[in-house]
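Step one of this worksheet: look at the structure below.
FYI, the numbering just counts along the sequence from 1. Excluded from the calculations below are hydrogen atoms, water molecules and symmetry mates; all remaining heavy atoms, backbone and side chain alike, are included.
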Amino acid sequence: VRLTTNTGDEQNPTVARGTVVFTSYRAGNAELFSMPLVGGAETRLTTTTWNETDPALSRDGTRLAFISD
């Protein structure tokens, strides 16, 4: 089920404690966004000229790991 309304390429979701973090290419490069798993407002987590991909949330949702080039 698609949670976002953006038509851009969004991939690699990770979920913990009701939050989903995903990679989106809507800004021209890969950036990370989060939003409630049930839908709602998105929050941009990264704003760089590099690509941030492959997010992974810790089980308790308090830590986020990702790849950046």
Side-chain angles (χ1 to χ4, degrees):
V1 173
R2 186 170 187 100
L3 299 177
T4 66
T5 58
N6 186 280
T7 58
D9 185 16
E10 297 174 331
Q11 50 188 260
N12 302 323
T14 180
V15 177
R17 305 200 86 200
T19 298
V20 60
V21 175
F22 56 94
T23 301
S24 178
Y25 290 85
R26 65 180 79 176
N29 65 308
E31 299 287 352
L32 299 181
F33 287 78
S34 71
M35 67 184 300
L37 185 57
V38 296
E42 300 168 10
T43 302
R44 187 170 177 169
L45 301 177
T46 59
T47 306
T48 70
T49 57
W50 304 290
N51 292 303
E52 287 84 28
T53 60
D54 300 312
L57 281 167
S58 61
R59 287 186 191 197
D60 64 3
T62 61
R63 295 185 209 164
L64 174 64
F66 59 91
I67 296 171
S68 178
D69 59 17

Considering all heavy atoms, the nearest [X]-[Y] contact:
{"X": "Thr23", "Y": "Pro55", "result": "OG1-CD, 3.4 Å"}
{"X": "Arg59", "Y": "Ala16", "result": "O-CB, 3.8 Å"}
{"X": "Thr14", "Y": "Ala56", "result": "OG1-CA, 3.8 Å"}
{"X": "Glu42", "Y": "Thr5", "result": "OE2-N, 4.3 Å"}
{"X": "Pro36", "Y": "Ala41", "result": "CD-O, 3.5 Å"}
{"X": "Ser68", "Y": "Glu52", "result": "OG-OE2, 3.5 Å"}

(request) Compare all side-chain heavy atoms of Phe22 with those of Leu3 and state whether any distance is below 4.5 angstrom. (result) no
(message) Any non-hydrogen side-chain atom of Leu37 less than 4.5 Å from a side-chain atom of Thr19?
(response) no
To the nearest 0.5 angstrom, please state how far the [atom1] atom of [X] sits from the [atom2] atom of [Y].
{"X": "Asp54", "Y": "Gln11", "atom1": "CG", "atom2": "CD", "result": "8.5 Å"}
{"X": "Leu57", "Y": "Arg17", "atom1": "CG", "atom2": "CZ", "result": "11.5 Å"}
{"X": "Thr46", "Y": "Asn29", "atom1": "OG1", "atom2": "CG", "result": "7.5 Å"}

Between the main-chain N or O of [Y] and the side-chain N or O of [X], is there a donor-acceptor pair closer than 3.5 Å?
{"X": "Glu31", "Y": "Thr48", "value": "yes"}
{"X": "Asn51", "Y": "Asp69", "value": "no"}
{"X": "Asn12", "Y": "Thr53", "value": "no"}

(request) Start with the C-alpha distance between Val21 and Phe66, add both sets of side-chain angles, then the distance that settles side-chain contact (heavy atoms from CB on, under 4.5 Å), and finish with yes or no. (result) CA-CA 10 Å; Val21 175; Phe66 59 91; over 6 Å; no
(message) Side chains of Glu10 and Ser24 only: does a donor on one sit below 3.5 Å from an acceptor on the other?
(response) yes
